[in-house]
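Below is one structure, written out as structure tokens; the observations come after it.
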Amino acid sequence: MNEAAKIWRNRAGQWMRFGMVGMLNTVVDFLVFFVLVRGAHWGAAPAQAVSYTCGVCNSYLWNRSFTFRSRVRPGAAEFAKFLLVNALSCGISSLAVLILEKRSWSLPLAKTVVTPLAMGINFAGSKRWVFRSDKEGARR
């Protein structure tokens with residue numbers, strides 16, 4: 001297998017693993033969100049922030065070990081970068097849910113539309129900044 005094919009295969013595998021982790025994160029996010037909104041009667045924006053945070057904790061553990069297979073010892077700087085990427089995504093997704101809710105979108109539809117946006121931000125930030133290996137940096 002040539003080098004280009006290996007790189008493509010690795011990236012495709014990362015994307016598929018990221019998607020699988022993302023589905024698990026989404027289940028965690030949706031469950032917490034709707035428990036808070038429907039069960040605890042929270043507003044959509046604060047429930048989004050809390051549910052998203054629950055997904056972030058799940059995401060860090062699985063993406064670090066499963067998706068990007070980081071061999072670097074985990075540390076505060078890595079986790080801070082991960083949190084920064086996710087804070088950006090959380091802010092954008094919370095604002096988007098709030099805007100869509102104000103425009104009378106159903107909450108399930110708003111969450112469904114906003115989730116891929118958050119995933120794209122997270123994948124790019126995680127791959128290119130948080131879990132980037134020295135080897136990947138050298139290829140660029």
Side-chain angles (χ1 to χ4, degrees):
M1 183 180 293
N2 67 27
E3 189 65 26
K6 287 179 186 176
I7 291 170
W8 183 87
R9 184 175 169 193
N10 181 48
R11 288 182 182 167
Q14 277 185 334
W15 182 250
M16 287 190 303
R17 290 188 302 271
F18 187 81
M20 290 169 35
V21 171
M23 284 188 274
L24 179 57
N25 298 339
T26 300
V27 168
V28 169
D29 181 9
F30 270 64
L31 286 174
V32 172
F33 180 80
F34 286 105
V35 164
L36 292 175
V37 169
R38 301 289 187 226
H41 308 291
W42 285 32
Q48 170 67 13
V50 170
S51 68
Y52 193 90
T53 300
C54 291
V56 166
C57 293
N58 184 70
S59 180
Y60 178 75
L61 296 172
W62 284 102
N63 279 316
R64 180 175 210 295
S65 63
F66 178 64
T67 303
F68 300 105
R69 298 178 179 163
S70 179
R71 301 218 191 294
V72 177
R73 186 173 180 191
E78 178 187 79
F79 191 64
K81 287 179 182 179
F82 187 80
L83 290 177
L84 188 58
V85 167
N86 281 277
L88 174 65
S89 182
C90 179
I92 291 169
S93 65
S94 294
L95 181 61
V97 165
L98 185 62
I99 290 168
L100 295 175
E101 181 188 36
K102 295 237 183 254
R103 293 185 176 191
S104 300
W105 285 45
S106 72
L107 289 177
L109 181 58
K111 285 288 288 176
T112 301
V113 168
V114 168
T115 297
L117 171 67
M119 285 180 67
I121 293 167
N122 282 327
F123 182 81
S126 293
K127 179 171 180 56
R128 301 209 181 268
W129 190 46
V130 178
F131 300 117
R132 187 182 94 189
S133 69
D134 291 335
K135 182 178 163 186
E136 287 175 334
R139 275 201 304 250
R140 290 186 177 108

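Numbers here simply count residues along the sequence, with the first being 1.
- With a 6.0 Å radius and a threshold of 12 heavy atoms from other residues, nucleotides or ligands, Trp8 has its CH2 atom at or below the threshold.
- Partner of Val32 under the side chain to side chain contact (heavy atoms under 4.5 Å, CB included) criterion, out of Val37, Val27, Val50: Val50 alone.
- For the pair Val85 and Ser126, the tightest heavy-atom approach, listed with the atom from each and the gap, is CG1-N, 4.4 Å.
- The cluster map of Ile, Leu, Val, Met, Phe, Trp and Tyr, joined by side-chain heavy atoms under 4.5 Å apart, puts Trp105 and Val114 in the same cluster.
- In terms of hydrophobic clustering, with Ile, Leu, Val, Met, Phe, Trp and Tyr side chains grouped at heavy-atom distances under 4.5 Å, Leu117 and Val113 are assigned to different clusters.
- Residues Asn63 and Phe18 meet the side-chain proximity criterion, which asks for heavy atoms closer than 4.5 Å.
- Note: Tyr60 OH to Ser65 OG = 9.5 Å, rounded to the nearest 0.5 Å.
- A pairwise comparison of heavy atoms in Lys111 and Val97 identifies CD-CG2, 4.2 Å as the closest pair.
- What you find for Phe33 and Ala44 is that their closest heavy atoms are CE1-O, 3.4 Å.
- Residues Arg17 and Gln14 form a side-chain contact, since some pair of their non-hydrogen atoms from C-beta on lies under 4.5 Å apart.
- Under the 4.5 Å side-chain heavy-atom criterion for ILVMFWY residues, a single connected hydrophobic cluster contains both Phe66 and Met23.
- Note: the hydrophobic cluster containing Trp15 does not contain Met20 (ILVMFWY, side chain heavy atoms under 4.5 Å, direct or indirect links).
- When every heavy atom of Ser59 is checked against every heavy atom of Val21, the shortest pair comes out as CA-CG1, 4.3 Å.
- In this structure, Asn25 and Gly55 approach most closely via the heavy-atom pair OD1-O, 3.6 Å.
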### Task
Would you please test Leu98 and Lys102 for side chain to side chain contact (heavy atoms under 4.5 Å, CB included) and show each step?
CA-CA 6 Å; Leu98 185 62; Lys102 295 237 183 254; 4.2 Å; yes

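- In this pair, Phe34 and Phe30 present their aromatic rings tilted. The plane angle is within the 30 to 60° band.
- In this structure, the separation between CE on Met119 and OG on Ser93 is 12.5 Å, given to the nearest 0.5 Å.
- Cluster annotation: Leu61 is connected to Phe82 through the hydrophobic network of ILVMFWY side chains, with a link wherever side-chain heavy atoms come within less than 4.5 Å.
- The distance from atom OG1 of Thr26 to atom CG of Leu31, rounded to the nearest 0.5 Å, is 10.5 Å.
- Below 30°, between 30° and 60°, or above 60°: for Phe68 and Phe123 the angle between ring planes is between 30° and 60°, a tilted geometry.
- Ser70 and Phe131 get closest at one heavy-atom pair: CB-CD2, 4.2 Å.
- Once rounded to the nearest 0.5 Å, the distance linking CG of Leu100 with CG of Leu109 reads 7.5 Å.
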